[in-house]
Amino acid sequence: QVRLEESGGGSVQAGGSLRLSCASSGDAETRKCMGWFRQAPGKEREGVAITYLNGGTTIYDDAVKGRFTISQDNSRNTVYLQMNNLTAEDTARYYCAADRTCLNTRLSRRISKDDFDYWGQGTQVTVSS
């Protein structure tokens, strides 16, 4: 059983930064692809960034390119999302997700929530303008 636990959310002013963490446990084979998603009230859950095979492949949504960085520390079984230059549009609940392959995402270069089997409970990020 894969367990994912997010932390690091909070409230920040526009232009500020936050770093989210996702501590994971369980079968390492099922966690080869790790992703961050977000969901704002009344909106669909959308992909933010993924990393496959510890940075061998990284994909970002266009909305966060150049501002967010996904990274992974295998010694700590933790994935991070460094978020810089935050705007009010980044306000959402952020979720960590894991999958064995995230194959469709890697082939299409478009992050799909349907590609991920395991999810955390999320952590709230609120950016005030």
Side-chain angles (χ1 to χ4, degrees):
Q1 183 71 17
V2 173
R3 291 191 63 183
L4 305 172
E5 184 171 359
E6 303 93 336
S7 61
S11 297
V12 65
Q13 290 194 329
S17 299
L18 282 174
R19 189 178 79 157
L20 306 183
S21 300
C22 172
S24 65
S25 62
D27 184 359
E29 284 295 307
T30 62
R31 294 183 283 125
K32 288 197 280 189
C33 187
M34 299 294 295
W36 284 98
F37 291 76
R38 66 187 181 184
Q39 188 167 17
K43 293 189 176 181
E44 292 283 323
R45 190 170 297 189
E46 62 181 10
V48 174
I50 71 105
T51 178
Y52 178 68
L53 290 180
N54 195 23
T57 298
T58 57
I59 300 172
Y60 293 91
D61 184 78
D62 287 344
V64 307
K65 277 181 184 175
R67 301 188 299 123
F68 291 11
T69 303
I70 189 169
S71 61
Q72 189 168 2
D73 184 345
N74 281 342
S75 68
R76 296 175 182 267
N77 288 323
T78 301
V79 176
Y80 303 97
L81 185 69
Q82 177 66 43
M83 306 186 295
N84 297 328
N85 195 21
L86 286 160
T87 73
E89 287 67 38
D90 296 315
T91 294
R93 190 165 186 84
Y94 284 70
Y95 296 88
C96 178
D99 189 75
R100 186 181 296 271
T101 68
C102 63
L103 181 61
N104 290 330
T105 289
R106 288 187 292 119
L107 291 176
S108 69
R109 306 292 294 184
R110 294 185 65 181
I111 305 169
S112 170
K113 62 182 185 297
D114 296 331
D115 242 3
F116 288 79
D117 286 337
Y118 303 98
W119 294 85
Q121 295 299 306
T123 184
Q124 179 67 34
V125 171
T126 302
V127 184
S128 57
S129 56

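Residue indices begin at 1 and follow the sequence shown.
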Open item on the list: Quick one, Glu29 and Arg100 - any side-chain contact, counting heavy atoms below 4.5 Å?
Closed with: yes

Open item on the list: Do Asp115 and Thr105 pair up side chain to side chain, a donor and an acceptor below 3.5 Å, judged on atom types alone?
Closed with: yes

Tell me which donor-acceptor pairs under 3.5 Å the side chains of residues 49-56 have, and how far apart each pair is, sequence neighbours excluded?
{"residue": "Thr51", "atom": "OG1", "partner": "Gly55", "partner atom": "N", "Å": "2.9"}

Open item on the list: The criterion is salt bridge (charged side-chain N to carboxylate O under 4.0 Å, His left out); which residues satisfy it with Arg76, sequence neighbours excluded?
Closed with: Asp73

Open item on the list: Going by the rule ring pair (Phe, Tyr, Trp, His ring centres under 6.0 Å), which residues pair with Phe68 if we only count those two or more places apart in sequence or in a different chain?
Closed with: none

Open item on the list: Do Val125 and Met83 have side chains that approach each other closer than 4.5 Å (heavy atoms only, starting at C-beta)?
Closed with: yes

Task: Those residues that, when tested against Tyr95, pass side-chain hydrogen bond (donor to acceptor under 3.5 Å, both in side chains) (two or more places apart) - done: none

TODO: With rounding to the nearest 0.5 Å, note down the distance linking CG in Leu103 to OG in Ser112.
DONE: 11.5 Å

TODO: Return the set of residues passing side chain to side chain contact (heavy atoms under 4.5 Å, CB included) with Ser24 (not counting sequence neighbours), or none when no residue passes.
DONE: Leu4, Arg31, Met34, Asn77

Task: Set of residues satisfying side chain to side chain contact (heavy atoms under 4.5 Å, CB included) with respect to Lys65, sequence neighbours excluded - done: Tyr60, Asp62

Task: Geometric cation-pi criterion, Arg45 with Phe37: 6.0 Å, 45° - done: no

Open item on the list: Using a strict threshold of under 4.0 Å (side-chain N to carboxylate O), is an ion pair present between Arg38 and Asp90?
Closed with: yes

